[in-house]
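Have a look at the structure below, then the notes.
Every heavy atom of this structure was used, including side-chain atoms; hydrogens, water molecules and symmetry mates were not. Reminder, nothing fancy here: chain letters follow the sequence lines and each chain counts from 1.
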2 protein chains.
Amino acid sequence: MVKRSETSGRLDDAARAGWLYYVAGRTQDEIASSMGISRQSAQRLVSLAVAERLIKVRLDHPIAACLELANAVREKYGLRQVDIVPSDPGAGATTVGIAEAAAAEIERWLKKTDPIVLAVGTGRTLKAAVDQLPAIECINHRIVSLTGNIAPDGSAAYYNVIFSMADAVKARHFPMPLPVLVTSAEERETLHAQQLVRSTLDMSAQADVTFVGIGELGIDGPLCVDGFLEKGEMMELMDNGAVGEICGWIFDSEGKLLDNPINERVASAPIPSRDTSVVIGIGKGKRKMKAIKAAVTGHQINGLITDEEVAEYLLT
Amino acid sequence: MVKRSETSGRLDDAARAGWLYYVAGRTQDEIASSMGISRQSAQRLVSLAVAERLIKVRLDHPIAACLELANAVREKYGLRQVDIVPSDPGAGATTVGIAEAAAAEIERWLKKTDPIVLAVGTGRTLKAAVDQLPAIECINHRIVSLTGNIAPDGSAAYYNVIFSMADAVKARHFPMPLPVLVTSAEERETLHAQQLVRSTLDMSAQADVTFVGIGELGIDGPLCVDGFLEKGEMMELMDNGAVGEICGWIFDSEGKLLDNPINERVASAPIPSRDTSVVIGIGKGKRKMKAIKAAVTGHQINGLITDEEVAEYLLT
DNA sequence: ACTGTGGTTGAGTAATTGCCCATGAGCAAA
DNA sequence: TTTGCTCATGGGCAATTACTCAACCACAGT
C-alpha cells in the first residue's frame, strides 16, 4: 500500500481503486475489503478517479464507418488529416467523444521528440479537449496562444485554453496578453507593436501545428454568449453572410474572411499558414455544420476532428 | 436510429457500443435503442469489445506501475496479498515508504471490529512501520510477539517491536519473555515448557495475521550487527546455503528452513500457518532481494510488502 | 466555547448491469 | 425432409453499482 499522507493520499487511493476496478476487473466490494473501507467509499473513490480523469479509456479499433467517412471528407476537401468520432445520438451539442479524440491528437504531437511550436485557439470544445490531457512533460516544445486572454469585462477569459493546458503539460507556454477584441484597427496596431506581443505573434506564425475550435455564429453562439458581440452586431454580421469564426476571425459560407469592421478589431494572431503547417479544427454538432463546412471549403483549416453527423453533412 | 447492415462487421458494432458506453458514458439501454437492438445485445457487444481488447483503459497516475507489479508478483508466487511502493532511487536501504505502507496495512487489520490476534516479528523495518502507527484503541484485539525480547547481552532488545506497538495501540499485548537465541535445543525445550511461555506460543499459533520483517544474512546483516551471531557462525551458515531469516528462523534459497544447530537454538515461536492465516513479510532494497525471493518461493510468507525494485527482481 | 461550513461516512434505495436459460433461426449432414 | 448442431436473442433475475440523505467530524471564524 502506498503511503497515506493526508493530502495526496486521497488521489492515490482513488487511483488504486480505479485501477483495481477498471484494469484488474475487481468488484467494488472486493476493492472495499482489500482497502479496508466501506463499499460506498470504494465506489466514491472509483468515481473520483474517473472525475479526476485518472482513468483514461480509449477505443482501439477503427470503426469502419468512421474511417470511410474520414477518408471521403479528407479527399473531398483536400485536408491533411481528418478524424471522425461516432455520433452520440442522445447527447446534443456536448463535447463528449470529440474532446477525447482531440486530446489524443494533441498528445500525439506533444510526444514528438523534436521540438515543436504548438498553437492553440479558444473555445469550449478545445477547453474540453485540453482537460482530457494527461500530465506530460515536454520541455522542448513551446505552446503559444493565438487569442487574447482578456474577456470583455476585463477578467481573464475562462475559455482561453492555454492556462488549462499549462496545468497538465510541462512546457513553456506563451499566452497573448491582449483583449480578444479591441476598439479599433488603430488600437490593434499599437498593441501588436509592443515587443512582448510582437514576439508571441512571431512565434505563432511559426507554429508546427495548431488546434482551433470552430465557432458558429448566432445570438446563442459563443461570441454573443461570452459577451464579445452585441445581438445587433451579430445580426448585422449574419446579414453580411458571416457563418462562423475561428479565434474571432469571422468568415462567410465560402470560408473567406469578411472584410468588415469587426474583423479589423480582432486582436488574435492570424491563423498559421495552411501551406506550411497543420491547422486542425475541432467541432461537432448540427449547429456548427455550416461553420465547419465553410472553414474546410475556404481552407481556413487543413485538418478536422468532428463526428459522423457533420461528416455526412460535409459529403452531401 | 441507424440500423446496422449485416455486412458491417460484428466487431464494428462492438467497437461502436464500447465507445458509446465507455467514452460517451451512455447506458446500455440508450445504446440499445440508438443502435436498434435489445439491451441484452448491447450488453453483449460491450463485453465483446472488452473481451476483444478493443477498449483500452489506462491509469494516469504514478502508482499504476506499482499496482501492475503487485498483481504480477501475487500471481507468480501465489501470494494472498502484495503491496508495492515506489522505489526511491535516492534513498538506499532506508525504510522510507515501506514503513508507511506497512503501517497502513496494520492499521487496516486493527480497525476490524471482530477480535483478531495479530502477531509481530522483529526487525528494523517492522519497527519503523510500527512507529508510523497512529494511536488506535482496540480493546478486543490481542497482539503477540513471535520473538523473544532479550538481547544477547541480557538487555531488552531494542528491535522487539511489540513494546513500540503497545505505545500507540491500546490492546492487550503479549511479549515473549525469552532470549532470541538460547544455548541449546534442550534449553529451548525447558523454556518453552514454562506456563507463561506456553500460552504465548499457543496464542501466536492462532494468529489471524502476522507481520514479520525479512532479514538478509551476511556479516553486515541484522543477526550479526545485533550480536546474535558471530562472524564465523554467519560465514558457516552462508556456506551451507542460508540466504535469509524471519524471526531468527534461517532458510535457504528455496525458502526451506535449514536443519542445522542454529535453527535448533532459535527460541522464537514458529511462523503461524500460511494455510489458515495471513503472514505478511516486509522488506525492501537490493540487499534483501535474495532473502525475499526465498521467503516467497518457500511460502514462509503469503503476503508481501516491498518496493518496485524488489518486485521487478522477483519477476525475472 | 460556539457555530456555521465544507467534506466524509454509512445506510438505504433506485438504477444498471451481468448472466443463465429456453427458444428459435440458420445450416450442414443424414 | 429430418436431425443435430451452433449460435444469437430476449426474458427474467440476481448481483453490482450509483445516488440520495441524514449524521457526523474537523476546522475556521466569530
Side-chain angles (χ1 to χ4, degrees), chain A residues 1-57 59 61 88-91 94 96, chain B residues 1-57 59 104 107-114 133-138 140 170:
Chain A
M1 205 60 47
V2 182
K3 78 172 62 169
R4 262 146 80 100
S5 62
E6 303 76 33
T7 45
S8 69
R10 189 154 174 80
L11 271 189
D12 273 4
D13 283 347
R16 172 173 301 266
W19 190 89
L20 288 167
Y21 187 68
Y22 286 105
V23 183
R26 320 296 272 270
T27 74
Q28 296 178 353
D29 263 327
E30 290 173 309
I31 296 168
S33 62
S34 89
M35 293 180 69
I37 54 180
S38 72
R39 192 185 61 71
Q40 291 92 330
S41 297
Q43 194 274 327
R44 283 187 190 102
L45 287 178
V46 171
S47 41
L48 178 65
V50 175
E52 295 290 331
R53 316 202 185 273
L54 299 177
I55 301 289
K56 299 204 20 170
V57 183
L59 179 65
H61 179 76
D88 182 358
T94 69
V96 169
Chain B
M1 311 301 169
V2 183
K3 191 103 185 183
R4 300 279 104 204
S5 65
E6 297 80 25
T7 50
S8 64
R10 188 167 170 75
L11 275 186
D12 260 15
D13 284 345
R16 174 174 299 265
W19 188 90
L20 287 167
Y21 187 66
Y22 285 105
V23 182
R26 324 295 305 179
T27 72
Q28 295 178 355
D29 263 328
E30 292 171 311
I31 295 168
S33 63
S34 84
M35 293 179 72
I37 55 180
S38 74
R39 189 188 65 75
Q40 291 90 333
S41 298
Q43 195 273 329
R44 282 188 190 98
L45 287 177
V46 171
S47 48
L48 179 64
V50 174
E52 296 289 333
R53 317 266 158 154
L54 266 36
I55 301 292
K56 300 234 168 128
V57 184
L59 180 61
E107 199 181 331
R108 207 163 292 140
W109 283 87
L110 289 177
K111 276 188 176 159
K112 288 179 189 286
T113 47
D114 296 339
L133 284 175
I136 315 180
E137 192 152 334
C138 38
N140 292 328
K170 282 237 172 62

Minimum heavy-atom separation for [X] to [Y], with atom names?
| X | Y | value |
| --- | --- | --- |
| B/A14 | B/L45 | CB-O, 3.6 Å |
| B/W19 | B/I55 | N-CD1, 4.4 Å |
| A/A49 | A/G18 | CB-CA, 4.2 Å |

Atom-to-atom span, [atom1] of [X] to [atom2] of [N] - whole angstrom:
| X | N | atom1 | atom2 | value |
| --- | --- | --- | --- | --- |
| B/L45 | C/dC19 | CG | C1' | 16 Å |
| B/L48 | D/dT9 | CG | P | 11 Å |
| B/R26 | D/dA18 | CZ | P | 16 Å |

Task: Short side-chain N/O contact to D/dT16 OP1/OP2 from A/Q43, under 4.0 Å - done: no
Open item on the list: Looking at C/dT17, I'd like to know if its phosphate oxygens (OP1 or OP2) sit under 4.0 Å from a side-chain N or O belonging to B/Y21.
Closed with: yes
Task: Footprint string (nucleotides 5-15 of chain C, 5' to 3'): B base within contact, S backbone only, - free, heavy atoms under 4.0 Å - done: ---SBBBB---
- [ ] Indicate yes or no: at least one non-hydrogen side-chain atom of A/I31 is less than 4.5 angstrom from one of A/Y21.
- [x] yes
So, taking the atom named [atom1] in [X] and the one named [atom2] in [Y], what distance separates them when rounded to the nearest 0.5 Å?
| X | Y | atom1 | atom2 | value |
| --- | --- | --- | --- | --- |
| A/Q28 | A/M35 | CD | CE | 12.0 Å |
| A/R39 | A/R44 | CZ | CZ | 9.5 Å |
| A/Q43 | A/I37 | CD | CD1 | 10.5 Å |

TODO: Would you work out how much the helix from C/dA1-D/dT30 to C/dA30-D/dT1 bends between its ends, with each end axis defined by five base pairs, to 10 degrees?
DONE: 20°
